[in-house]
Amino acid sequence: MVAVTEFQKIGIGLVGFGLFFLLFGVLLYFDSVLLAFGNILFLTGLTFIIGFRKTSHFFFQRHKFRGSFFFLGGVSLVLCRWPVIGMLLEGYGSILLFRSASNMNKLRSFFPMALGFVLSVVNVPFLNAFLQSGSSMV
């Protein structure tokens, strides 16, 4: 079981609310206020979860410069009330950040680890039992 600090618990909440606001910002025809608030909460939550140094190291590596430029440029365009173009740039930047071949192995191992981390923080008995059993409900 992973030891979770209080800052990481706060970060998970911030990321969750950020994704919530991003989803409803897109569903409400790219509402710029909801998207801006979602972006701020998501990036703040990410910083709380993995730390400031690791977050800055992730975004400001030399080989990830283009992806970071497009992603953070998209965030700034959303903050300047250009939500459609900003979200397109954010999506393209996300693809560039995670597309390199060396990152694919890390990405494949990241998602199961992240799911296990979230399930250890949020104790959902039915979901934990379902995922640990490995059997289908059909």
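- To the nearest 0.5 angstrom, Leu22 atom CG is 11.5 Å from Asp31 atom CG.
- Taking CG from Leu19 and CG from Leu14, the interatomic distance works out to 11.0 Å, rounded to the nearest 0.5 Å.
- At most 12 heavy atoms of other shown residues, nucleotides or ligands fall within 6.0 angstrom of atom CZ in Phe17.
- What you find for His57 and Gln61 is that their closest heavy atoms are O-CG, 2.8 Å.
- Across all their heavy atoms, Thr55 and Thr47 have their closest contact at OG1-CA, 3.5 Å.
- Inter-residue side-chain proximity for Phe21 and Leu41 is flagged as met; some heavy-atom pair is nearer than 4.5 Å.
- Side-chain heavy atoms closer than 4.5 Å link hydrophobic residues (I, L, V, M, F, W, Y) into clusters, and following such links, even through other members, never connects Val26 to Leu34.
- A pairwise comparison of heavy atoms in Asn39 and Glu90 identifies ND2-OE2, 2.9 Å as the closest pair.
- Pairing each heavy atom of Gln8 with each of Ile49, the nearest pair is NE2-O, 3.3 Å.
- Across all their heavy atoms, Ala36 and Leu79 have their closest contact at CB-CD2, 3.5 Å.
- Side-chain N or O atoms of Ser68 include one that pairs as donor or acceptor with a backbone N or O of Phe59 at under 3.5 Å.
- Here the straight-line distance linking atom CZ of Phe65 with atom CZ of Phe70 works out to 10.0 Å at 0.5 Å rounding.
- Summarising the geometry, atom CG belonging to Leu97 is positioned 7.5 Å from atom CZ belonging to Phe71; distances are rounded to the nearest 0.5 Å.
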